[in-house]
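We count ligands from 1, going down the list as the structure has it; atoms in each ligand are counted the same way. Computed from a prediction, not measured in an experiment: that's the story for all the values here.
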Amino acid sequence: MTHTSLSIEFFPPKSAEGAEKLRAVRQALYVLRPQFCSVTYGAGGSTQAGTLSTLNEILAEEVPAASHFSCIGATRDSVRQQLAEFKAMGIRRLVALRGDLPSGYGGGGEFHYASDLVAFIRAETGQSFAIEVAAYPEIHPQARSAEADLQAFATKVKAGADSAITQYFYNSDAYFRFVEDAQRLGVEVPIVPGIMPITSSAQLLRFSDACGAEIPRWIRLRLQGYGDDVASIKAFGLEVVTDLCDQLRSAGAPGLHFYSMNQSASTLAICRNLGLIS
Ligand code: FAD
């Protein structure tokens, strides 16, 4: 099996205590030698300060940092300013997204889709940033159709993306089919599977309903069957996600992007099972 490049995603902590905990989590995860660590960005800039301070900490730890950057509700001027700030900070990689408007937010931005943002970043900053975009092997929940979503993904890549990270999934066939279909449309960039460790049943089921990731029936029922037995949920989750990563790596997935949920234990346990660390 070839070398698997790893990346790890965090969200900006909401408190000083959360920030302190995240520092320890990052130190534990750096044993994986991630290609980069990314930090999410609330739509409409809602987490901007937390995102930037977390990115600054990662850069100070001498680890390549990528900022997620969502454009919904933004203007060309505000995006231009934010790009200048990223550049001045030493950020060299962005995950360019449309984002979702918080409910009650009026909108009125100048960008409609992530493809608009990708094209704008390239036009304004040339090759200053490596650009990642989001991919949805199980189809984005607002897509008009599966084919329209795939076309939109290809358009977004052709606007200038270097690589893509998928929404998480537990059915590897959906991923392999998506990669094949995208390649058929001329997409040549790596499409890195996003991996969500399973540590809690209620949280995962709630989250997945909202973002359109499917929890296969057998996994859902097994999780429900464990009730409050967290140890069994974690043991089962570790087995399922290790198997998934094994399948993905064996079939040549170009890397693994871990949705760490600001925790280290499950990501480390999966990587240990995969033989990526001892
Ligand atoms: P787009 O690629 O613009 O697609 C959005 C929808 O529009 C899709 O249904 C697509 O089919 C459709 N579409 C696209 N182009 C066209 C077109 N030309 N005509 C008609 N329809 C079109 N959210 C955050 O708020 N912050 C984050 O940090 C964040 N990080 C994420 C990281 C990853 C790896 C992933 C997978 C998702 C992330 N999200 C994040 C969630 C993301 O913002 C939402 O899924 C959002 O609804 C879509 O963003 P997008 O960039 O994929 O949008």
Side-chain angles (χ1 to χ4, degrees), residues 6-13 35-48 50-52 54-55 65-74 79 82 86 91 93-103 105 107 109-121 130-169 174-175 178 181-182 185 187 189-196 207-214 253-262:
L6 303 177
S7 51
I8 307 172
E9 180 171 317
F10 302 109
F11 57 82
Q35 187 201 359
F36 64 89
C37 287
S38 75
V39 184
T40 61
Y41 188 93
S46 54
T47 66
Q48 196 187 38
T51 300
L52 298 185
T54 309
L55 288 164
S67 187
H68 293 217
F69 188 25
S70 63
C71 62
I72 198 149
V79 169
Q82 186 63 74
F86 285 141
I91 301 288
R93 184 183 296 268
L94 299 173
V95 183
L97 302 147
R98 183 196 70 173
D100 291 310
L101 274 180
S103 55
Y105 193 95
E110 296 175 357
F111 296 83
H112 299 291
Y113 300 110
S115 54
D116 301 334
L117 179 62
V118 174
F120 186 80
I121 297 171
I131 303 179
E132 308 272 343
V133 289
Y136 301 86
E138 293 176 339
I139 304 157
H140 185 266
Q142 291 156 6
R144 265 182 289 139
S145 66
E147 192 54 32
D149 204 33
L150 187 68
Q151 287 287 353
F153 173 69
T155 302
K156 180 160 70 171
V157 171
K158 286 174 190 166
D162 298 293
S163 183
I165 301 170
T166 75
Q167 183 57 277
Y168 65 88
F169 55 87
Y175 167 79
F178 180 84
D181 288 349
L185 293 185
V187 169
V189 303
I191 300 175
V192 176
I195 305 297
M196 178 70 89
F207 216 56
S208 305
D209 282 345
C211 70
E214 188 176 87
L256 299 172
H257 177 83
F258 282 95
Y259 293 106
S260 76
M261 303 305 285
N262 290 8

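Nearest protein heavy-atom contact of atom 3 (O) of ligand 1 is A114 N, 2.8 Å. Of all protein heavy atoms, the one closest to atom 48 (C) of ligand 1 is H140 NE2, 3.4 Å.
For ligand 1, the atoms sitting less than 4.0 Å from at least one non-hydrogen atom of A143 are 9 (O), 11 (O), numbered in the order shown with element in parentheses. Interface of A134 with ligand 1, defined as ligand atoms under 4.0 Å from a residue heavy atom, comprises 35 (C), 36 (C), 52 (O). Atoms of ligand 1 found under 4.0 Å from any heavy atom of Q142 (numbered from 1 in listed order, with element): 9 (O). Near I165, with a cut-off below 4.0 Å to any heavy atom, the atoms of ligand 1 are 34 (C). Applying the 4.0 Å criterion to heavy atoms of Q167 picks out, from ligand 1, the atoms 36 (C).
Put simply, the side chain of D181 never gets that close to the backbone of F178: no donor and acceptor are under 3.5 Å apart. The closest donor-acceptor contact from the side chain of Y175 to the backbone of I191 lies under 3.5 Å. K156 places a side-chain N or O within donor-acceptor distance of the main-chain N or O of A134, the cut-off being under 3.5 Å. Side-chain atoms of S208 never come within 3.5 Å of backbone atoms of E214 as a donor-acceptor pair (strictly under, hydrogens ignored). At distances below 3.5 Å, at least one donor-acceptor pair connects side-chain atoms of S260 with backbone N or O atoms of N262. A donor-acceptor pair under 3.5 Å is absent between the side-chain atoms of T47 and the main chain of G50, judged by distance alone. Remark: the backbone N or O of H140 is paired with a side-chain donor or acceptor of D149 at under 3.5 angstrom.
The parts of R98 lying near ligand 1 are both backbone and side chain, judged by heavy-atom distances below 4.0 Å. Heavy atoms of E132 found under 4.0 angstrom from ligand 1: none, in either backbone or side chain. Under 4.0 Å from ligand 1, the heavy atoms of K156 that appear belong solely to its side chain.
When all heavy atoms are compared, the tightest approach of A164 to V189 is N-CG2, 4.5 Å. Across I139 and A146, no two heavy atoms sit closer than the pair CD1-CB, 3.5 Å.
The heavy atom nearest to atom 40 (C) of ligand 1, considering only D149, L97, D100, is found in L97. Looking at Y113, F153, Y259 and measuring to atom 16 (C) of ligand 1, the nearest heavy atom belongs to Y113. When the heavy atoms of Y136, Y168, F111 are ranked by distance to atom 52 (O) of ligand 1, first place goes to Y136.
Remark: ligand 1 and A135 share no N or O pair separated by less than 3.5 Å (distance only, no angle test). Any N or O atom pair closer than 3.5 Å counts here, and Y41 shares at least one such pair with ligand 1. Among the atoms of H68, some N or O lies under 3.5 angstrom from an N or O of ligand 1.
The nearest protein heavy atom to atom 28 (O) of ligand 1 is closer than 4.0 Å.
Side-chain contact of H68 with T40: a donor-acceptor pair under 3.5 Å is absent, judged by distance alone.
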